[in-house]
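Okay, so here's the structure we're looking at.
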Amino acid sequence: MARLVRELMQQTGAAPSDCLGVGIGCPGTIDAISGRVIYSNNLAGRVDIPLAESIASALQLPVRISNDANYAALGECVAGAARGCRSAVLLTLGTGVGGGVVWDGKVFEGGPGGMELGHTLLRTGGEPCTCGRKGCVEAYCSATALIRDAARAARSQPQSRLNQLCGSDLSRMNGKIPFDAAQAGDPAAQEVIADYLHHLGEAVTDMVNIFRPEIVLLSGGICAQGAVLTEPLNRYVQEHAFAGRWLKTPPVCIAGLGADAGLIGAACLLDG
């Protein structure tokens, strides 16, 4: 990472004195105050890595780190779908479910180790989660969970269009196929999507009840579905959020910056 920063500085002609510092977004459990990665599956399970100190020593620049979803949420508030909002919750729907919160224009870190919105409980004793619990939001709302449920439905109903679209090879199932099959009128796929939207609606409603942000953003490959995803979720939140009948609930929208959200957010954190 330090070599990459040096290369970027050379490419742009920036001197170290021109740089405010380096922002690093890292998946996993981050202690933003001490600048340590406490735990991250993506780093081969290594724990307690003094990442900020190591990079700062190599570059002689200030370094701040946070969970990557936090930076993505901040980036969206600065230049994306939440631009102008002082508070936002972002859920990333990928291999797992990440979450970032911006409050009063700043990343809300929580305590040491930050927050894990994807590992809040959705169903007691439910599907096994990668964290070791059962029934987490991640176990029901990630792209991985959608693919798992679509493959189960395809296996139990061989005539389903789910099988046709993956060429009867369930290893080729992806997050797009169940939406395509559902829109084509396949009953098995429609049930899978209805269940997925119900679970995601419950998770988003919880985020609304806890934080009452100005906006809830969703990111990840599944979000290419656009209004097919957001319209039913907005109806669900309006119906089920606490006092939703009397209070305007925050809109559920698709994040706008893609992979650039984290880069923009990481840069912005150095400036306050």
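None of the values given here were measured: they were computed from a predicted structure. Here, residue 1 is the first one in the sequence, and each next residue gets the next number.
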>> I'd like to know whether Ile210 forms a side-chain contact (heavy atoms from CB on, under 4.5 Å) with Val89, so could you lay out the CA-CA distance, the side-chain angles of the two residues, the decisive distance to 0.1 Å, and finally the verdict.
In response: CA-CA 10 Å; Ile210 294 168; Val89 173; over 6 Å; no
For [X], I'd like to know if atom [atom1] has over 12 heavy atoms of other residues, nucleotides or ligands within 6.0 Å.
{"X": "Glu127", "atom1": "CD", "value": "yes"}
{"X": "Gln183", "atom1": "CD", "value": "yes"}
{"X": "Arg161", "atom1": "CZ", "value": "no"}

Taking C-beta and beyond as the side chain, do [X] and [Y] meet within less than 4.5 Å on heavy atoms?
{"X": "Leu170", "Y": "Asn163", "answer": "yes"}
{"X": "Asp48", "Y": "Ile38", "answer": "yes"}
{"X": "Phe179", "Y": "Val228", "answer": "yes"}
{"X": "Lys176", "Y": "Gln225", "answer": "yes"}
{"X": "Arg212", "Y": "Leu247", "answer": "yes"}
{"X": "Ile65", "Y": "Cys26", "answer": "no"}
{"X": "Leu93", "Y": "Leu200", "answer": "yes"}
{"X": "Leu229", "Y": "Cys223", "answer": "yes"}

From [X] atom [atom1] to [Y] atom [atom2], the distance as rounded to the nearest 0.5 Å:
{"X": "Met173", "Y": "Arg148", "atom1": "CE", "atom2": "CZ", "answer": "13.0 Å"}
{"X": "Leu51", "Y": "Asp31", "atom1": "CG", "atom2": "CG", "answer": "12.5 Å"}
{"X": "Glu138", "Y": "Thr120", "atom1": "CD", "atom2": "OG1", "answer": "10.0 Å"}
{"X": "Cys141", "Y": "His198", "atom1": "SG", "atom2": "NE2", "answer": "9.5 Å"}
{"X": "Cys77", "Y": "Leu90", "atom1": "SG", "atom2": "CG", "answer": "9.0 Å"}
{"X": "Tyr140", "Y": "Leu121", "atom1": "OH", "atom2": "CG", "answer": "9.0 Å"}

Please determine whether residues [X] and [Y] belong to a single hydrophobic cluster, defined as Ile, Leu, Val, Met, Phe, Trp and Tyr linked transitively by side-chain heavy-atom distances below 4.5 Å.
{"X": "Val137", "Y": "Met207", "answer": "yes"}
{"X": "Ile215", "Y": "Phe211", "answer": "no"}
{"X": "Val78", "Y": "Trp103", "answer": "no"}
{"X": "Leu74", "Y": "Leu91", "answer": "no"}
{"X": "Tyr196", "Y": "Ile254", "answer": "yes"}

Would you find a donor on one side and an acceptor on the other, under 3.5 Å apart, between the side chain of [X] and the backbone of [Y]?
{"X": "Thr12", "Y": "Met9", "result": "yes"}
{"X": "Thr144", "Y": "Thr95", "result": "yes"}
{"X": "Asp149", "Y": "Val192", "result": "no"}
{"X": "Asn234", "Y": "Val237", "result": "no"}
{"X": "Arg133", "Y": "His119", "result": "yes"}
{"X": "Asn67", "Y": "Gly25", "result": "no"}
{"X": "Asn70", "Y": "Val107", "result": "no"}
{"X": "Ser54", "Y": "Pro50", "result": "yes"}
{"X": "Glu214", "Y": "Ser87", "result": "yes"}
{"X": "Glu76", "Y": "Leu257", "result": "yes"}

Closest non-hydrogen atom pair, [X] against [Y]:
{"X": "Ile55", "Y": "Ile24", "result": "CG1-CD1, 3.8 Å"}
{"X": "Arg83", "Y": "Ala79", "result": "CD-CA, 4.2 Å"}
{"X": "Ser156", "Y": "Ala153", "result": "OG-O, 3.1 Å"}
{"X": "Gly118", "Y": "Cys136", "result": "O-CB, 3.7 Å"}
{"X": "Gly256", "Y": "Ala81", "result": "N-CB, 3.8 Å"}
{"X": "Ala261", "Y": "Ala72", "result": "CB-O, 3.7 Å"}

>> Does anything in residues 245-268 form a side-chain hydrogen bond (donor to acceptor under 3.5 Å, both in side chains)? List the pairs, not counting sequence neighbours.
In response: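 Sorted result for residues 245-268: Gln238-Thr249.
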> What residues form a side-chain hydrogen bond (donor to acceptor under 3.5 Å, both in side chains) with Arg123, not counting sequence neighbours?
Replying inline: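 Per chain and number, Arg123 pairs via side-chain hydrogen bond (donor to acceptor under 3.5 Å, both in side chains) with His199.
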> Is there a side-chain contact (heavy atoms from CB on, under 4.5 Å) between Leu162 and Ile177 once you walk through the steps?
Replying inline: CA-CA 7 Å; Leu162 289 166; Ile177 285 175; 4.1 Å; yes
